[in-house]
2 protein chains.
Amino acid sequence: MEEVTIRTIAQRANVSHTTVSRALNDSPLVKEATKKKIRQLADDLGYVPNLNAKGLVEQRSFLIGVFFSDLDTGTSPSFLVDVIKRARDFLPKGYSLSLDSVESLSASGTVSRHQYDGAIVVSQSKKDDPFIETLIKRRLPIVVLNRKIDRDDVSNFSTNDYLGAKKILEYAIRMGHRQFGIIGGATSFVSAADRRQGFDDVIRENGAETRPEWQRQGNYLPESGYQAMRDILGAAETPTCIFATNDDMATGAVRACQDLGYKVPADISIIGYDDMNYSKYLVPRLTTVRKPTDSIVQEGVSALTELLSNPAMAPVKKVAEPTLIVRDSVKDLRK
Amino acid sequence: MEEVTIRTIAQRANVSHTTVSRALNDSPLVKEATKKKIRQLADDLGYVPNLNAKGLVEQRSFLIGVFFSDLDTGTSPSFLVDVIKRARDFLPKGYSLSLDSVESLSASGTVSRHQYDGAIVVSQSKKDDPFIETLIKRRLPIVVLNRKIDRDDVSNFSTNDYLGAKKILEYAIRMGHRQFGIIGGATSFVSAADRRQGFDDVIRENGAETRPEWQRQGNYLPESGYQAMRDILGAAETPTCIFATNDDMATGAVRACQDLGYKVPADISIIGYDDMNYSKYLVPRLTTVRKPTDSIVQEGVSALTELLSNPAMAPVKKVAEPTLIVRDSVKDLRK
DNA sequence: TAAGTGAGTGTAACCGTGAACATCTTAATG
DNA sequence: CATTAAGATGTTCACGGTTACACTCACTTA
C-alpha cells in the first residue's frame with residue numbers, strides 16, 4: 001500500500017505532476033476539464049497532500065502554537081478549552097493547533113519561524129516576556145491574550161483585573177463593609193497582583209480597614225482557599241468581608257467558614273472572582289466578577305487570522321471591562 | 001536575516017552539510033572534535049532544524065494528535081487539560097501535541113499517516129468509531145482513552161462507569177434509601193448510558209423504586225442539573241435520593257433543592273459522579289465517585305509511547321476501577 | 001504566409017534534511 | 001614500503017510538493 005502522491009495521480013491521468021499540483025490548487029492555468037478529471041482521480045485514490053513537502057517549499061508549517069504560562073496551576077482549564085474551541089472555529093481551515101506551555105518551551109528554546117505559522121500566547125505572568133520577545137524577534141505573527149503587556153508592537157487582548165477588583169470591593173463598601181480580608185493568588189501572576197492592587201486602593205480610598213492577619217496567600221486552587229480561610233478565622237477578631245481572588249478559592253473559603261461554624265453571608269461575607277460555570281449554583285450563590293473571556297478570545301483569534309494574511313498589520317490592543325455579578329454571598333450591613 | 005540551515009553551518013565549518021547533519025544527530029561516524037566544533041557553531045548561529053525537511057525525508061510529522069469527541073459539551077475541561085499535561089510529560093521529546101475534535105475531523109476526512117505520528121483519542125461516544133476505524137486502517141499508532149471499545153486491535157484505557165454507579169447506589173441502599181431519582185447525561189455518551197445502567201440494575205436487584213417523573217435528562221452542565229431537579233421536585237411525591245450523574249449537575253441540583261426549600265441531605269439526598277476538584281468543598285460536601293483519571297491518562301500515554309517505537313506491539317487494554325467517595329450529601333435513613 | 005499571441009501543459013530546479021555510496025586519510029600489517 | 005582496513009568526510013540523490021521557465025499548438029493578424 002504505497003502512499004498516493006501527485007505523481008501517482010499524474011501517471012494515471014497521463015499528465016505531468018505539475019499539472020496535478022496546479023489542478024489541485026485550482027490554478028487558472030489548467031483547463032476546467034483537466035481539473036475535473038484530476039480531482040476525481042485524487043478523490044478516488046484517497047490522496048492526502050503531504051504537508052511536510054508543501055510546508056518545505058512554502059516555508060510554512062500549518063501549525064498555530066497555543067502557549068500557556070503554565071499548565072499546572074493558575075490557568076483555568078475552562079479558559080484553555082475556550083481558547084482552543086474559538087481558535088478552531090475562527091482560524092482559517094488547514095491550520096492545526098499545537099499546545100504547549102511557555103515554561104517548557106522557554107527551556108528547550110526551540111521555537112522558530114518555521115515551526116509555527118503563528119502563535120497565541122495566553123499569558124499569566126511577566127515571566128513570559130522573554131518568550132514573547134523571542135517570538136517577536138523571529139517575526140512570528142503573534143497575539144498575547146489575558147494579560148496586558150507593555151510593549152506596543154504586539155496585539156494584545158486583556159481584561160482589567162484591577163478595575164474588576166475595585167468594582168466588587170466598592171460594592172462591598174456600599175453594602176456597609178469596612179473590614180476586609182484577602183486571599184491572594186500566585187504572586188507571579190499579574191492577575192493576582194492587579195486584583196490585590198484594586199483591593200488595596202479601595203481600602204485606602206475609603207478609609208476601610210485590613211490587617212496582616214486577615215491576608216493570606218493562596219494559589220487559585222480550592223484547597224488553598226480553604227486553608228487560608230481557616231487561618232484568617234483563627235485571628236482574634238475577624239473582618240466582615242473576605243475577597244477570595246478567584247471562585248475556586250472562594251468555594252474553599254465558604255467551606256472553611258461552614259466548618260468553623262460561621263454562616264456565609266450572615267456572619268461573614270465572601271466575594272470571588274471569575275464567575276466559574278458553577279458559581280451561581282453554590283450555596284450561597286457567589287457574588288463575583290465576570291471577565292469577558294469570550295470576546296477576548298474571539299477578538300484575539302480574529303486579530304491573529306488577519307495578521308497571518310497581512311504580517312504588516314498594525315497591532316491591536318484592547319482591555320475589556322469586567323462585569324460585577326451581584327448574588328448572595330455579601331451581606332447588606334446597612335439594614 | 002537568512003534562515004540558518006545545515007549548509008550555512010557547513011560553509012562556516014568548512015565541511016559538507018552531510019557532516020553537519022551527522023554531527024547534530026550524534027552519529028558515531030563523525031570525529032568527536034568535529035562534532036564539538038559544529039555543535040558550537042550551530043548554537044552560535046541559533047540553528048533550529050527545519051522539521052518539514054526532516055519530516056519529509058523521515059516520513060514523520062513530529063505531531064501527536066489528541067482528539068476529543070466533542071469540545072463543546074461533555075468533555076470536562078479539566079480532563080482535557082490533564083491529558084495534555086500528562087502527554088507532554090510522558091511523550092518522548094520532540095513531539096508536539098495537536099488538538100482537535102473528532103467531530104470536525106471526521107467531516108473533513110483529512111487525517112492521514114503523514115499528518116500525525118500517533119494519536120490519542122479521548123472518546124465519549126460510539127459515534128467516534130468510524131473515525132477510530134479510519135485511523136487504524138491508515139496504520140496510525142493509536143490509543144483510545146476514557147471509553148471502553150469493543151475491538152481488540154487497539155490499546156484502550158477506560159474506567160468502569162457501570163461499576164462506579166453500582167457502588168454508589170448500593171451505598172445509598174445500605175444507608176436505607178429505597179426511592180431514587182436520576183439526572184442523566186447526554187444520551188450519546190457511553191458514560192451516561194453506563195451510569196444509567198448501573199442505576200437501573202441496583203434498583204432492580206434491591207427491589208427499590210424509581211418512577212418516570214423522578215427521571216430527567218441533563219447534559220452534564222450545572223444548568224441542566226438545576227432545571228432537572230426543579231422538575232423532579234415538582235412531582236407529587238419525591239424520592240429520598242437523587243443520582244446526579246456528574247458533579248456539575250449535582251451542584252445545580254443542590255441549588256434547586258435550596259431554592260425550593262428542601263435541605264440536602266436532611267430532606268433529600270444527592271449523589272454525584274466524577275469528584276471534581278471543588279466537590280469536597282461544597283455545602284454539603286458531595287458524596288461521589290472518583291475515576292482514576294490520572295492512571296488512565298498516564299498508562300495510555302505510556303502505551304502510545306511504546307507503540308511509537310514498536311508499531312507491532314500487542315494492544316493493551318485496561319478497565320480501571322472507580323472509588324466510592326463518601327462525604328455528606330447522603331442521609332443515613334437507618335438512624 | 002510568416003510572425004506573434006496566449007492558453008495549456010511539461011521540464012527542471014528548488015526547499016532542508018538524511019542516507020547510500022564513493023572517496024580520501026591515516027594507521028596497521030606483513 | 002606496498003597493501004589493506006578502518007575511520008572520517010564528501011557527493012549525489014531522494015523525499016513530495018511548488019514554481020520559473022520552456023515548449024507546443026491553434027488561432028490571429030499584418
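Within every chain, numbering begins at 1; the chains are lettered A, B, ... in the order of the sequence lines, protein sequences first and strands thereafter.
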Quick check on DNA chain D: between Arg7(B) and Gln59(B), whose nearest nucleotide comes earlier from the 5' end?
Arg7(B)
DNA chain D: Pro28(B) or Leu56(B), which has the more 5' nearest nucleotide?
Pro28(B)
Without decimals, in angstroms, what is the distance between [X] [atom1] and [N] [atom2]?
| X | N | atom1 | atom2 | result |
| --- | --- | --- | --- | --- |
| Glu32(A) | dG8(C) | CD | C1' | 13 Å |
| Asn14(B) | dT9(D) | CG | P | 12 Å |
| Asn25(A) | dT19(D) | CG | C1' | 11 Å |
| Asp26(A) | dT19(D) | CG | C1' | 17 Å |
| Ile6(B) | dC14(C) | CD1 | C1' | 15 Å |
| Leu29(A) | dC21(D) | CG | P | 14 Å |
| Leu51(A) | dG17(D) | CG | P | 9 Å |
| Lys36(A) | dG8(C) | NZ | P | 16 Å |

Below the 4.0 Å mark, does [N] have OP1 or OP2 next to a side-chain nitrogen or oxygen of [X]?
| X | N | answer |
| --- | --- | --- |
| Thr5(A) | dG16(D) | no |
| Ser21(B) | dG18(C) | yes |
| Lys54(A) | dT18(D) | yes |

Give the nucleotide from the list [options] with an atom nearest to the side chain of [X].
| X | options | result |
| --- | --- | --- |
| Val15(B) | dG10(D), dG18(C), dC15(C) | dG10(D) |
| Thr19(A) | dA12(C), dT9(D), dT9(C) | dT9(C) |
| Thr18(A) | dA20(D), dG16(C), dG17(D) | dA20(D) |
| Asn50(B) | dG17(D), dT11(C), dG16(C) | dG16(C) |

Pick the nucleotide of DNA chain C nearest each of Tyr47(B) and Thr34(A); which residue has the one closer to the 5' end?
Thr34(A)
Could you check Arg22(B) against Ala53(B) and say which one's nearest nucleotide on DNA chain C is further toward the 5' end?
Ala53(B)
Classify the side chain of His17(B) versus the base of dG10(D) as yes if they form a donor-acceptor pair under 3.5 Å and no if they do not.
no
Base, sugar-phosphate, or nothing: which does Asn52(B) touch, judged by heavy atoms less than 4.0 Å apart?
nothing
Using a heavy-atom cut-off of under 4.0 Å over every strand shown, decide if Val57(A) touches base, sugar-phosphate, or nothing.
base
Let's go through Arg88(B) and Ser101(A) carefully: what are the C-alpha distance in whole Å and the side-chain angles of both, what is the deciding distance for side chain to side chain contact (heavy atoms under 4.5 Å, CB included) to 0.1 Å, and is it a yes or a no?
CA-CA 9 Å; Arg88(B) 265 206 334 109; Ser101(A) 72; 3.7 Å; yes
Between Phe62(B) and Tyr116(B), is the ring centre distance below 6.0 Å?
no
For Arg147(B), is there any backbone N or O sitting under 3.5 Å from a side-chain donor or acceptor partner on Asn156(B)?
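Yes; at least one donor-acceptor contact below 3.5 Å.
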Find out whether Val297(B) and Phe90(B) are in side-chain contact, i.e. whether some heavy atom of one side chain is under 4.5 Å from a heavy atom of the other.
no
Does a side-chain heavy-atom distance below 4.5 Å link Leu56(A) with Asn50(B)?
yes
Derivation of the side-chain hydrogen bond (donor to acceptor under 3.5 Å, both in side chains) call for Ser69(A) and Asp128(A)
CA-CA 7 Å; Ser69(A) 294; Asp128(A) 303 338; 2.5 Å; yes
